[in-house]
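First comes the structure, then the notes that go with it.
Numbers restart at 1 for each chain; the letters A, B, ... are given by sequence-line order, proteins then strands.
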Amino acid sequence: MRVYADNAATTAVSETSLAAMLPCFREYYGNPSSLHTVGQEAAERLSLARQTFARYLHCNPAEITFTSGGSEADNQALLSAAALGERKGKKHIISTQFEHHAILHTLNKLRKNGFEVTLLDIPKSGVITAQQVKDAIRPDTCLVTIMFANNEIGTIQPIPEIGKICREAGVPFHTDAVQAAGHLPIDVQAMDIGMLSLSAHKFHGPKGVGVLYVRKGSVPLVNVIEGGAQERGKRAGTENIPGIVGAAAAFKEACEHMAENAEKVSRLRDKLIAELTKIPHSILNGEQERRLPGNVNLCFEGIEGESLLLLLDQQGVEASSGSACTSGSLDPSHVLLALGLPHEVAHGSLRLSLCEYNTEEEIDHIIAVLPGIISYLREMSPVWDELENGQREHVI
Amino acid sequence: MRVYADNAATTAVSETSLAAMLPCFREYYGNPSSLHTVGQEAAERLSLARQTFARYLHCNPAEITFTSGGSEADNQALLSAAALGERKGKKHIISTQFEHHAILHTLNKLRKNGFEVTLLDIPKSGVITAQQVKDAIRPDTCLVTIMFANNEIGTIQPIPEIGKICREAGVPFHTDAVQAAGHLPIDVQAMDIGMLSLSAHKFHGPKGVGVLYVRKGSVPLVNVIEGGAQERGKRAGTENIPGIVGAAAAFKEACEHMAENAEKVSRLRDKLIAELTKIPHSILNGEQERRLPGNVNLCFEGIEGESLLLLLDQQGVEASSGSACTSGSLDPSHVLLALGLPHEVAHGSLRLSLCEYNTEEEIDHIIAVLPGIISYLREMSPVWDELENGQREHVI
Amino acid sequence: MLYSEKVMDHFQNPRNVGKMDDADGVGEVGNAKCGDIMRMYIKVDHDTQTITDVKFNTFGCGSAIATSSMATEMIKGKPISEALSLSNQAVVEALDGLPAHKIHCSVLAEQAVKAAVKDYYDKNNISYGKELQVCDHDCAHCAGE
Amino acid sequence: MLYSEKVMDHFQNPRNVGKMDDADGVGEVGNAKCGDIMRMYIKVDHDTQTITDVKFNTFGCGSAIATSSMATEMIKGKPISEALSLSNQAVVEALDGLPAHKIHCSVLAEQAVKAAVKDYYDKNNISYGKELQVCDHDCAHCAGE
Ligand SMILES: Cc1ncc(COP(=O)(O)O)c(C=O)c1O
Ligand SMILES: Cc1ncc(COP(=O)(O)O)c(C=O)c1O
């Protein structure tokens, strides 16, 4: 049995999304900037896709910009808000310790350009409070950027409350909703969200398509990519029509089945959490309540994440670790460290991220194989030996 | 009959390319950063795609960076060379009047950051000389960026000669090969090309995939998009695996059939040129010899391009104009103006761009319908009236 | 589609296209540099001050031709006073809208009508106010809707 | 695949894994903060100065486990002098390569062997040179291949 439990990394494209894309490759393949029929057919599809995103985000189609993914959308949102801030002499930005690197690295870039960045601490729950944001706002704050839900531990942030505070303070508010979009209800108006990023491949759409929503009349976009006049001149490059069309179809599908999917997936999630936390010296990272329906993130003391993943894969379970093992970094996850976990525990993390394609049998399979693997690795681990001998103290 | 003659704007995805993409949507859909099987299968495909581009460009796979398209590749190439130049105190860039806006607008951005830009004049032939580049190089020149072939008039620039001059002068040389790649032989080593951009949708690959080649040890890339460690940390964002795989398949196909395609397409092109230039007061823009196999670009005095395109479309011919009509600009093509055409003539341009899918019958159809449309529009045109009356002088 | 069906209809089947040798007034606006020139011919019934016939010649894009065509339809058979009150918005509405960057074409059509009337007034020594000072063939002005 | 078949084999079927209660020398290198700890146990024939048995315990990634396993195989039954000349490159080669950012694991394996020998020398009052000064559990040092 093979179980794909890495849906936070990326998802399989849905049949609906693929079916929407297919005619765009060889039939409606035109360039939407072209005047002729095949070009205008593409333009029409582009416009319909924009309307779809606008409908389900509760905004205006003209407020939607298509990008090449969540990272580009995040970059453009931050650079645009910073440019506006700079013009107004405001160079302070508020974010959190556990944002995605698309945010954190862009903030580093801005720091080099003289911006001051406040990264809010993460409580053990994995959920920051609106009060933390309120306390951090200063007269020179030009942007608050807080992720909607965390990609590693799945905790959901109090976005409407933060939105309200930012609105009252007159500070632009961006949220990286890459993990939330298609999984949690989003209403940019009701939630006072001024800018929002999402990425299609996280909800069964294609890779390489993102959306940046920016409330009209708020932050003028600056180009990340200069060139042609696509996307009202704000994002150059021939539009990826098949991708954009597939993204819209996937978003529509995800939004329309959101409630039932969430119910099914969170039931599977809760079963996993209940069974896996029975393993001694294991812990669920972040609270269980305000959590993405599909996210399970655990640490197991005495073992290291990568070897766990490789053995799980051998048993047919495809999961990921909090640590950036494969990216060439030796550091454990900045998210788990921000939660206050010690390095050695943060190294032993496991993220299982589910979607509506997962079945009860698959969950049972994970529950069946995981404890044995943990025991095997602990058996081999000098750290576990020390923990058991009392030479080292248990932390969890 | 419908004739698609706008292949310089974008192309239909080839069957080969689509077939290569299909299994990546729902079967090999993993994130190449993931350790597990489905992730590593994606990583494998990514690596094979990189090898394909390296093989046909004659470089090393590690010198290939995948981007979201030609525009992003152009932006990143220029910003990277400029950053290196800045560190060395060199802030002069050489380019041409008739580059794509992805280049020209990025150069404008650099101008605002204190760079000085020399835009070489375009001779009537549409082909600059290597001597022009040589004469423009200064001790503080940090980049020469000259397009391989022009997107509007299809003229091919003396890239190996320019490459040699740049190598001898020790100046990084970038070429925007978006129109050339897959259509003309490219050997970055033999041609002394230090950086090169291409875009898959111009050779029957998917939209939204570009490649930036940079010679190892020359210009260190700066990120246009910050975030994860994809593409050796130089281009963040989950890789668009289906797109990249489809791009590689299309590039392989195009390179392997290059000679036969070029022969077929240039024969069709030459027939079009021969027949259409029989229309009185018409002119071929740019010389016929050093020209992309598929490019025909004509001006017809006394008429305006957009109405010509609309009427052609009605007759089943999908073409484009030099002018940026649909992009919201009222200005005629900067390329045709750079060639020295007066504004009113530049407004009357028509670009027919062919590919190997076009047939002799299609060409005959164009030849059959075009003259009638020109006459009809001239009949209606006060400018033509003045030309005929002698109140205005013929320029072509 | 970029253009409404109405625009496409007037572009593909322009009404009143052609020259008029015995016109009472001829107006030309726009310039070739901008990419749009409209020339409008009117025939006027001197007693009733009514435009009895109208023709146009246009060098320009699809919407330039369509707005010319629509404008001629809207003033044909109408008193000059009514023709002079034709606004570019009215032309745009009659065409079921135009893309934002094509609105200037409708301005040109409005001005072409005014220029033709002005020419008729000039030829017949009829005085008029400065509202008839139309496009001076200055590109920035024409395009600056 | 990220790892060669050899690495996967040694990861999935590690040789000489386990503890050794009557070891003549025990070495531990790396630290949990870095994410890799190797502990190596050796049994030595005092007369021939030969490593007659070896065991390891490792906390770490796939390549940490595989390099530990491979290193034990490479020194088992060998004279100490030969074990001391085991280089991390030799371990990498024996495994048909490692990804660039995993090379540090092979360094750790080389150091674990040295640490075990040092421990044996210390316990038996055998003197040695400074080439046996191994990893001082300093993260930057461990990773700084
Ligand atoms: C010469 C040239 N450069 C750059 C581009 C931009 O490529 P893309 O639209 O894939 O970003 C194009 C085509 O649009 C082009 O023709
Ligand atoms: C929270 C978050 N932000 C941004 C991104 C980046 O999205 P993409 O990989 O589509 O650029 C991701 C996923 O990789 C994410 O999880």
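- Of the atoms belonging to A:Ser17, not a single heavy atom falls under 4.5 Å from chain B.
- Of the atoms belonging to A:Ala43, not a single heavy atom falls under 4.5 Å from chain B.
- Two residues are said to be in side-chain contact when any heavy atoms from C-beta on lie closer than 4.5 Å; B:Arg26 and A:Glu15 meet this criterion.
- Among A:Gly39, A:Ala102, A:Pro206, A:Gly210, the residue with the largest count of heavy-atom pairs under 4.5 Å with chain B is A:Ala102.
- Residue with the most contacts toward chain B among A:Cys24, A:Gly30, A:Ala42: A:Gly30 (heavy-atom pairs, distance under 4.5 Å).
- Heavy atoms of A:Leu104 lying under 4.5 Å from chain B are absent altogether.
- When atom types are taken as modelled, the side chain of B:Asn75 and the backbone of A:Glu226 share a donor-acceptor pair closer than 3.5 angstrom.
- Along residues 237-247 of chain B, the residues that come nearer than 4.5 angstrom to chain A, judged on non-hydrogen atoms, are B:Gly237, B:Thr238, B:Glu239, B:Asn240, B:Ile241 in order of number.
- In terms of modelled atom types and a separation under 3.5 Å, the side chain of A:Glu318 and the main chain of B:Val38 share a donor-acceptor contact.
- Most heavy-atom pairs under 4.5 Å with chain A: of the set B:Val224, B:Leu310, B:Leu309, this distinction falls to B:Val224.
- Rounded to the nearest 0.5 Å, atoms CG (B:Asn223) and OG1 (A:Thr106) are 9.0 Å apart.
- Within the model, atoms CG of B:Asp313 and OG1 of A:Thr37 stand 3.0 Å from one another, a figure rounded to the nearest 0.5 Å.
- Heavy-atom pairs under 4.5 Å with chain B peak, among A:Gly233, A:Ser14, A:Gly228, at A:Ser14.
- Listed by sequence position, B:Ser68, B:Ser71, B:Glu72 are the residues of residues 65-74 of chain B in contact with chain A, using a 4.5 angstrom heavy-atom cutoff.
- Residue A:Arg232 does not touch chain B at all, counting heavy-atom pairs closer than 4.5 Å.
- Taken from CE in A:Met21 to CE in B:Met21, the straight-line distance is 10.0 Å, to the nearest 0.5 Å.
- Looking at A:Asn31, the atoms closer than 4.5 Å to chain B (heavy atoms on both sides) sit in the backbone and in the side chain alike.
- One distance of note links CG of A:Leu18 with CG of B:Leu22; it measures 6.5 Å at 0.5 Å rounding.
- Using a 4.5 Å cut-off between heavy atoms, B:Ile103 does not touch chain A at all.
- For chain B, the option among A:Thr11, A:Ile225, A:Thr10 with the highest count of heavy-atom pairs below 4.5 Å is A:Ile225.
- For the set A:Ala236, A:Gly316, A:Ser199, the count of heavy-atom pairs under 4.5 angstrom toward chain B peaks at A:Ala236.
- Here the CZ atom belonging to B:Arg2 is positioned 9.0 Å from the NE2 atom belonging to A:His36, to the nearest 0.5 angstrom.
- Taking the six-membered ring for Trp, B:Tyr29 and A:His201 have ring centres at least 6.0 Å apart.
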